[in-house]
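Just below is one structure, and these are the notes that go with it.
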Amino acid sequence: MPWNMRMQDTMTAGMTDTDLPRGGDFASEIARLETQFDIIRYMRRVTQLFGFKVFLICSIPAIEVERLAATTVISNMPAELLNKYDSLSMLRFSTGVRRLRETTTPFQITLEDWENEGGKPVSAADYIAMLRENGLFQANYFPVHDAEGGRGAIILMGPEADLPMTAAMELQMIAIHVYNRLAEIGAVWKNTNTTLSEREIQCLSWTAAGKTSAEIAGILGLSEHTVNHYLNHVTKKLDAVNRTQAVVKAMKKGYIS
């Protein structure tokens, strides 16, 4: 994403040092995660714990890549934000991605810093306005790599605040373990361009559990029409002939257990 963050010294309200994850604890917990959906749930918890709102895990885009979605592994970023980012071709103007190609050290950029940089098209103002509406004023980038040398990043976004050195070090270690666990779970995201959203994975998981669209709608607080939309879309993504085959393919690829 185009900016980076700092974070507040106290992080979330009332948090104490004992509330934060600790080396051996998070390492063993991450090692027990079995699917990409498990990692999504884990990253949502870490994101909230450290006072952020959104996470995005991606491989570092090559120069010729024009869409961030093409390199995204998992994320809870609102779909409309990611779609807007790609529709405006903002990847080519990303300060964060440019720096990710140049460094392996965590870094920070605020939305204000990025906004004040020149060289962006007028249309960038629309995307910046959407970031503000979603309360995303900074992002912290944590460069990572897997055992085979593939480079990526875990990006955490939220309100503007200072990130203490101890928290930054903690998050860098979490990022390393999470990225490598993703690689271990399956060469899925390395061998295919298929990327499933959190909602798509949830709908598939409940389908695998034998729930109907109506029942899934009640569980997730969605309309039955929306659930059917997610399931039809993910079926096409997985190149499956029906939902049953989509579930089987998702299990083989490690999206669900």
Side-chain angles (χ1 to χ4, degrees), residues 1 4-60 71-77 96 99-100 103-108 138-158 161-191 195-196 198 201-202 205 250-257:
M1 298 317 320
N4 265 324
M5 36 185 161
R6 309 181 198 99
M7 253 185 67
Q8 59 205 24
D9 215 42
T10 54
M11 301 184 206
T12 53
M15 179 177 290
T16 66
D17 215 34
T18 56
D19 293 323
L20 301 178
R22 285 290 163 247
D25 296 330
F26 70 69
S28 60
E29 182 175 2
I30 293 171
R32 292 193 297 270
L33 301 176
E34 296 183 351
T35 68
Q36 290 195 19
F37 189 42
D38 291 337
I39 293 181
I40 287 174
R41 287 184 293 190
Y42 176 81
M43 284 304 302
R44 288 180 65 184
R45 183 157 54 85
V46 168
T47 298
Q48 294 171 356
L49 177 63
F50 281 87
F52 298 95
K53 298 185 69 174
V54 169
F55 75 86
L56 185 144
I57 301 178
C58 65
S59 56
I60 296 179
T71 66
T72 298
V73 182
I74 57 173
S75 176
N76 69 339
M77 172 176 274
R99 290 181 63 179
L100 282 171
T103 183
T104 57
T105 304
F107 59 91
Q108 307 168 335
Q138 329 178 38
N140 267 37
Y141 290 73
F142 297 92
V144 290
H145 62 82
D146 59 30
E148 297 178 3
R151 297 184 61 205
I154 291 184
I155 308 167
L156 301 174
M157 296 160 267
D162 292 322
L163 183 65
M165 179 62 70
T166 52
M169 293 173 62
E170 194 94 40
L171 284 168
Q172 180 62 46
M173 292 305 299
I174 289 173
I176 291 170
H177 282 275
V178 165
Y179 197 75
N180 277 276
R181 186 61 186 140
L182 275 169
E184 292 168 355
I185 282 174
V188 171
W189 56 275
K190 297 169 74 174
N191 294 335
T195 301
L196 305 189
E198 181 177 0
I201 293 174
Q202 286 176 329
S205 295
M251 286 180 172
K252 288 181 177 179
K253 290 176 178 293
Y255 288 111
I256 62 177
S257 57

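From a predicted model like this one, the values you see are computed outputs, not experimental measurements. The figures here come from the full heavy-atom set of this structure, side chains too, leaving out hydrogens, waters and symmetry mates.
How far CG of Leu33 is from CD1 of Ile40: 11.5 Å, rounded to the nearest 0.5 Å. One distance of note links CD1 of Ile30 with CG of Asp38; it measures 12.0 Å at 0.5 Å rounding. In this structure, the separation between CZ on Phe142 and OH on Tyr179 is 15.5 Å, given to the nearest 0.5 Å. Going from atom CD1 of Ile74 over to atom CG of Leu182 covers 5.0 Å, rounded to the nearest 0.5 Å. Atoms CD and NE2, on Gln172 and His177 in that order, are 10.5 Å from each other to the nearest 0.5 Å. Rounding to the nearest 0.5 Å gives a distance of 13.0 Å between CE of Met43 and CD of Gln36.
Here the closest non-hydrogen pair linking Ala167 and Leu163 is CB-CD1, 3.7 Å. Between Ser205 and Ile256, the closest heavy-atom pair is OG-CG2, 3.1 Å. Residue Arg181 comes nearest to Glu34 through the heavy atom pair NH2-CA, 4.3 Å, listed as atom of the first residue, atom of the second, then distance.
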Determine, stepwise, if the pair Glu198 / Phe37 fulfils side chain to side chain contact (heavy atoms under 4.5 Å, CB included). CA-CA 7 Å; Glu198 181 177 0; Phe37 189 42; 4.3 Å; yes

Tell me, with the steps shown, if Leu171 and Phe52 meet side chain to side chain contact (heavy atoms under 4.5 Å, CB included). CA-CA 12 Å; Leu171 284 168; Phe52 298 95; 3.9 Å; yes

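Under a 3.5 Å cut-off, the side chain of Arg151 and the backbone N or O of Leu100 do form a donor-acceptor pair. Side chain of Asn76 to main chain of Leu56: no donor-acceptor pair is present (N/O by atom type, distance under 3.5 Å, no hydrogens or angles).
Shown are Asp146, Thr71, Val144; of these, the side chain to side chain contact (heavy atoms under 4.5 Å, CB included) with Ser59 is made only by Thr71.
Ion pairing between Glu29 and Arg32 fails under the 4.0 Å rule for side-chain N and carboxylate O.
By the neighbour-count criterion of 12 heavy atoms within 6.0 Å, atom CZ of Arg44 is sparsely surrounded, having that number or fewer from other residues, nucleotides or ligands.
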